[in-house]
Amino acid sequence: MALQPDDVLDACGLPCPLPLLKAKQALARLSGGQLLEVMATDAGSWRDFETFAENSIHELVAREERGEIYHYWLRKGAEPTT
């Protein structure tokens with residue numbers, strides 16, 4: 001996969017729900033449209049990131065499993081204007 005992330009989060013070794021919580025914190029530091037790559041070893045993160053993207057303004061662009069490490073690419077959604 002040739003995605004170029006704007007930031008990378010290594011959440012390997014963290015138990016559920018920490019990979020998702022750390023990803024939310026990392027997304028908060030990005031601007032709308034930027035891409036975050038997350039690496040995690042928690043098997044539950046596969047479902048967690050899918051559900052998170054379905055229920056948020058952020059997009060799960062891609063995900064893949066490489067050995068025991070799960071890789072996720074999240075694109076930060078644009079904040080609604082008021």
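Only this structure's heavy atoms are used, side chains among them; waters, hydrogens and symmetry mates stay out. Starting from 1, each residue takes its place in the sequence as its number.
- What you find for Pro5 and Leu3 is that their closest heavy atoms are CD-O, 3.2 Å.
- Using a 4.5 Å cut-off between side-chain heavy atoms of Ile, Leu, Val, Met, Phe, Trp and Tyr, Leu18 falls into a hydrophobic cluster with Leu14, Leu21.
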Please output the side-chain donor-acceptor pairs of residues 27-42 that fall under 3.5 Å, not counting sequence neighbours, one pair per line with the distance.
{"from": "Gln34", "atom 1": "OE1", "to": "Ser31", "atom 2": "N", "distance (Å)": "2.8"}
{"from": "Glu37", "atom 1": "OE2", "to": "His71", "atom 2": "ND1", "distance (Å)": "3.1"}
{"from": "Thr41", "atom 1": "OG1", "to": "Gly13", "atom 2": "N", "distance (Å)": "2.8"}
{"from": "Asp42", "atom 1": "OD2", "to": "Ser45", "atom 2": "N", "distance (Å)": "3.4"}

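- Within the structure, the salt bridge (Lys or Arg N to Asp or Glu O under 4.0 Å) test picks out no pair touching residues 7-27 (sequence neighbours left out).
- Residue pairs satisfying the ring-ring contact (aromatic ring centres under 6.0 Å, His included) criterion with at least one member in residues 7-34, sequence neighbours excluded, are absent.
- When all heavy atoms of Glu65 and Trp46 are compared, the closest pair comes out as N-CZ3, 4.2 Å.
- We find the CG-CZ distance between Leu60 and Phe52 to be 10.0 Å, quoted to the nearest 0.5 Å.
- Among residues at least two apart or in separate chains, salt bridge (Lys or Arg N to Asp or Glu O under 4.0 Å) pairs with a member in residues 44-55 are Glu50-Arg63.
- Rounding to the nearest 0.5 Å gives a distance of 12.5 Å between CZ of Phe49 and OH of Tyr70.
- Between Val61 and Leu74 the shortest side-chain heavy-atom distance does not fall below 4.5 Å.
- More than 12 heavy atoms of other residues, nucleotides or ligands shown are found within 6.0 angstrom of CD on Gln25.
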